[in-house]
Amino acid sequence: ETGVTQTPRHLVMGMTNKKSLKCEQHLGHNAMYWYKQSAKKPLELMFVYNFKEQTENNSVPSRFSPECPNSSHLFLHLHTLQPEDSALYLCASSQALVSDRSTDTQYFGPGTRLTVL
Amino acid sequence: GQQVMQIPQYQHVQEGEDFTTYCNSSTTLSNIQWYKQRPGGHPVFLIQLVKSGEVKKQKRLTFQFGEAKKNSSLHITATQTTDVGTYFCAGYGWSGGSNYKLTFGKGTLLTVNP
């Protein structure tokens with residue numbers, strides 16, 4: 001599947017580094033998501049963007065900073081992370097969050113495996 | 001807010017045995033979706049149920065949506081080693097104001113002993 005791509009696929013960084021994760025979708029969707037998946041908490045929603053506007057921030061620490069310049073691209077900027085932030089970061093997209101008639105079927109990218117040393 | 005509970009958290013079966021995972025929502029849903037994540041992979045959409053009492057089948061997989069549209073189940077008949085993975089349900093419903101959202105359950109990890 002190449003509808004949603006993520007780069008890099010693997011990232012190792014120190015706690016003082018600054019890095020960015022990139023997500024791109026080629027499905028013509030208008031909603032994009034960041035999820036964190038770790039062994040302890042299987043799938044945690046972090047941020048939601050609907051038509052480039054952030055509609056949800058699930059109490060995510062400020063060391064994670066999302067950016068959505070357009071409906072096809074989503075970034076997650078990382079700085080001064082902690083070892084417990086090591087996880088698989090998944091990006092997803094869906095048509096749009098508009099009403100109860102939407103389906104919001106989500107298409108996931110392959111994820112970025114992040115290790116914080 | 002909307003909560004989606006899924007049980008069991010883990011299930012280990014012998015190849016050929018049946019498997020069922022259950023999903024319950026705290027609120028009435030517009031639809032429920034099921035995803036499968038293979039080990040080392042990412043969640044992949046399997047199916048969506050919309051109507052009250054709906055039942056859909058995909059080969060050995062049977063999906064049900066409850067009459068009240070608050071619960072769902074996934075049943076696999078005669079499991080195979082290729083069924084290994086984590087199965088997530090996700091409920092789409094009203095989350096307040098004019099907002100709708102998809103809420104994932106914690107998933108059921110299925111392992112199959114050949």
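Labels below follow one simple rule: chain letters A, B, ... track the order of the sequence lines, proteins then strands, and each chain is numbered from 1.
Cluster membership for B/F104 and B/L46, using ILVMFWY side-chain heavy atoms within less than 4.5 angstrom, is not shared. Residues B/V50 and B/I47 are members of separate hydrophobic clusters, defined by side-chain heavy-atom contacts under 4.5 angstrom among Ile, Leu, Val, Met, Phe, Trp and Tyr. When hydrophobic clusters are built by joining Ile, Leu, Val, Met, Phe, Trp and Tyr residues whose side-chain heavy atoms come closer than 4.5 Å, directly or via intermediates, B/L74 is not grouped with A/L43. By the rule that hydrophobic residues join a cluster once side-chain heavy atoms approach within less than 4.5 Å of another member, A/L114 and A/V60 end up as members of one cluster. No continuous path of ILVMFWY side-chain contacts below 4.5 Å connects B/L102 to B/F65, so the two sit in separate hydrophobic clusters.
For chain B, no part of A/E44 is nearby; none of its heavy atoms comes within less than 4.5 Å.
The contact list for residues 82-92 of chain A toward chain B, using heavy atoms and a distance under 4.5 Å, reads A/L88, A/L90 by residue number.
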Stepwise side-chain contact (heavy atoms from CB on, under 4.5 Å) test for B/Q37 and A/F108: CA-CA 10 Å; B/Q37 184 174 19; A/F108 286 83; over 6 Å; no

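Around atom CE of B/M5, more than 12 heavy atoms belonging to other residues, nucleotides or ligands sit under 6.0 Å away. At most 12 heavy atoms of other shown residues, nucleotides or ligands fall within 6.0 angstrom of atom NZ in A/K19. Dense packing is recorded around CZ of A/F75, with more than 12 heavy atoms of other residues, nucleotides or ligands lying under 6.0 Å away.
Closest approach of B/Q33 and A/T105 over heavy atoms only: OE1-CA, 3.3 Å. Taking every heavy atom of both residues into account, B/Y35 and A/Q106 meet most closely at OH-N, 2.8 Å.
Distance OH/A/Y35 to NE2/B/H42: 13.5 Å, rounded to 0.5 Å.
Using a 30° and 60° split on the angle between ring planes, B/F45 and A/Y107 fall in the tilted class, from 30° to 60°.
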